[in-house]
Amino acid sequence: MKTILEQISVIAADAFEQAGYDRSYGKAGVSNRPDLCEFQCNGAMAGAKEYHKAPIKIAEEVAEKLAGNPAFSEVGAVAPGFINISLSGDFLAGFLNSIAEEEKFGLELPRPKKIIVDYGGPNVAKPLHVGHLRAAIIGESVKRICRYMGNEVIGDVHLGDWGLQMGLIITELKERFPDLPYFDENYTGTYPENPPFTLSELEEIYPAASARSKEDEAYREAALEATKQLQSGRRGYRAIWQHIMDVSIPDLKRNYADLSVEFDWWKGESSVDGIIPSMADDMKKNGFAHESEGALVVDVAEESDTKEIPPCMILKSDGAALYTTTDLATILDRMNTFAPDQMIYVVDKRQDMHFLQVFRCARKCGIVKEDTGLDFLGFGTMNGKDGKPFKTREGGVMRLETLIAEIRDTMLKKIMDNHEADQEEAAKTAKIVALAAIKYGDLSNQATKDYVFDTDKFTSFEGNTGPYILYTIVRIKSILNRYMEAEGEIPGTIRSAKSEYEKALMLSLSKFAGVIRSAYEEIAPHRICAYIYDVCNDLNRFYHETRILAEEDTAKKKGWIALLALTEKILATCIDLLGFSAPERM
Ligand code: ARG
């Protein structure tokens with residue numbers, strides 16, 4: 001069904017037409033002077049040129065046609081040519097009652113697309129740390145929004161499992177345990193089933209190797225060679241690689257599950273290893289790739305570039321694949337197996353050059369179709385209160401698990417301080433609220449911007465925070481539950497608003513479809529955060545001025561309860577799109 005703005009626009013367009021002007025001037029928008037009106041139409045100003053008429057004259061003529069329309073309570077032409085509009089209580093209530101009946105609150109779905117959201121991107125063998133938080137949180141929300149819009153959506157974790165870090169681990173293992181069969185090139189037997197390391201050993205091995213490679217040139221060379229041999233199929237190295245994957249992936253899955261983040265595909269850079277040679281050959285054969293200092297490259301600079309865009313490297317001079325290579329082969333693989341209409345990458349914005357090169361190269365070489373969307377949503381850095389990238393108190397990289405545990409503890413303390421609660425239930429609630437605190441704290445910022453992770457602020461029950469949103473939802477649930485206990489069922493019909501605050505809440509609810517659509521089109525979950533913050537503020541203002549359950553006029557009370565029920569459903573839908581949920585009590 002049409003959004004509230006579209007419905008208002010149709011009425012305004014009719015009026016323009018009746019007054020002798022083109023319908024196209026009837027486009028309405030939300031008022032930027034909410035103290036004066038709820039919606040406005042600026043078409044008279046736009047039309048003044050075409051009709052050689054003062055905009056206010058046109059506005060007056062159109063306003064006259066609009067006056068008396070049952071959808072509106074007030075219409076006014078205001079200098080220099082605005083048409084100010086406020087909705088009638090009946091129209092607004094009618095609109096809400098009809099969206100309440102609809103599956104997605106009247107949201108119209110576009111032609112469904114096939115979309116892959118590439119997010120997460122952790123490197124195996126390293127524990128998840130706070131640097132992985134944003135990709136997970138934003139990507140999960142983007143995936144859910146795309147799915148809600150009716151698309152077929154795949155979330156792909158795209159593991160970093162094929163680069164130098166693998167060669168480093170192999171090299172370090174060889175140093176420590178040279179007698180293991182993996183390093184004996186003449187070994188033809190089967191390799192041990194159990195890995196020669198535990199997860200925590202692996203987590204120590206990798207940074208040790210990485211540190212050493214920065215100081216020891218020969219060691220680094222050995223790691224590069226090991227990477228190459230792994231990629232070219234050396235049996236023993238592939239076996240170590242498999243061990244690393246077997247040890248890492250369950251841990252990654254557990255960590256992501258703690259964040260309510262779930263991937264459909266657990267593919268990685270390694271998954272496309274087999275198609276790299278033929279991809280590189282095709283690029284050469286078709287004249288897109290050429291040799292440069294021994295390496296195979298594709299030029300991706302364009303005439304209109306204002307800065308230098310270096311060529312996209314496909315193969316190093318030793319034939320090894322690079323980060324660009326695996327990303328290109330991944331695109332090729334996705335086109336061959338799933339043929340998506342769009343791929344959305346949620347990755348640190350410092351990788352923008354990488355993706356610019358990859359996207360251009362994919363288009364140039366015909367790996368994607370002309371109309372395949374390639375979108376890079378580059379996110380900013382999560383900083384600490386000092387404005388520098390978030391660190392532990394000791395200045396180290398904080399593990400994701402540690403951060404989550406700290407926020408859970410903080411929430412648990414707050415919940416226990418607030419009221420007496422059963423310890424076990426409080427812990428469960430704290431877990432739910434902590435997730436909302438973390439996710440909302442992140443998502444309420446525009447993804448591309450850096451933001452400060454402020455534990456005190458994010459865990460507060462007041463202000464623009466996850467806990468505040470959940471607190472409001474729990475408040476509504478509690479009223480609805482009490483009503484249910486007394487009356488047995490939740491009434492269905494919302495009535496015309498009797499107060500300013502009630503109408504404000506209704507107006508906010510009416511904007512749901514427009515908000516979701518723009519969050520989807522702009523790939524912008526923060527729009528949903530801003531929206532639910534408004535809805536919650538409106539709800540709380542209404543709640544504070546209204547004695548809902550004590551109301552004696554039952555018709556009035558029923559209307560309010562129906563309004564609360566719709567508010568709760570809309571909020572629950574929105575937080576699900578953001579990737580968290582609400583507890584029953586708080
Ligand atoms: N593993 C990469 C890193 O740690 C991120 C992967 C992002 N996704 C992609 N398709 N390149 O930087």
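Whatever order the structure lists them in is the order used to number ligands and atoms, beginning at 1.
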M382 and side-chain contact (heavy atoms from CB on, under 4.5 Å): which single residue from L403, V452, D450, N445 fits?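 Passing option: L403.
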N/O separation below 3.5 Å, G121 to ligand 1: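 Indeed, backbone or side chain, G121 has an N or O that close.
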Answer with side chain, backbone, both or neither: which part of F355 has a heavy atom less than 4.0 angstrom from an atom of ligand 1?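 The answer is the side chain of F355.
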Proximity to ligand 1 by part of N123, non-hydrogen separation under 4.0 Å: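 Side chain only; the backbone of N123 stays clear of ligand 1.
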Taking the six-membered ring of F338, is the NZ or CZ of K114 close enough (under 6.0 Å from the centre) and on axis enough (within 45°)?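 Judged by the rule (NZ or CZ under 6.0 Å from the ring centre, within 45° of its axis), K114 counts as positioned above F338.
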Is K511 positioned over the aromatic face of Y531, cation under 6.0 angstrom from the ring centre and no more than 45 degrees off axis?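 Negative - K511 is either too far from the ring of Y531 or too far off its axis.
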Does a side-chain heavy-atom distance below 4.5 Å link D352 with F376?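 Side chain of D352 against side chain of F376, heavy atoms only: contact under 4.5 Å found.
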Going by the closest heavy atom to atom 3 (C) of ligand 1, which one wins out of Q165, H354, Q351?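 Comparing heavy atoms across Q165, H354, Q351, the nearest one to atom 3 (C) of ligand 1 lies in Q351.
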Between Y345, Y323, W162, flag the one that comes closest to atom 6 (C) of ligand 1 by a heavy atom.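 It is Y323 whose heavy atom sits nearest to atom 6 (C) of ligand 1.
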Residues R234, E185: salt bridge by 4.0 Å N-O rule: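 The answer is yes: the pair qualifies as a salt bridge.
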Tell me: protein heavy atom nearest atom 8 (N) of ligand 1, and distance?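 Checked against all protein heavy atoms, atom 8 (N) of ligand 1 sits closest to D118 OD1, 3.2 Å.
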Which protein non-hydrogen atom lies closest to atom 10 (N) of ligand 1, naming both residue and atom, and how far is it?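 Scanning the protein heavy atoms, the shortest distance from atom 10 (N) of ligand 1 goes to D327 OD1, 2.8 Å.
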Starting at CZ of R238, measure out to CZ of R235 and round the result to the nearest 0.5 Å.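 The CZ atom of R235 is 12.0 Å from CZ of R238, to the nearest 0.5 Å.
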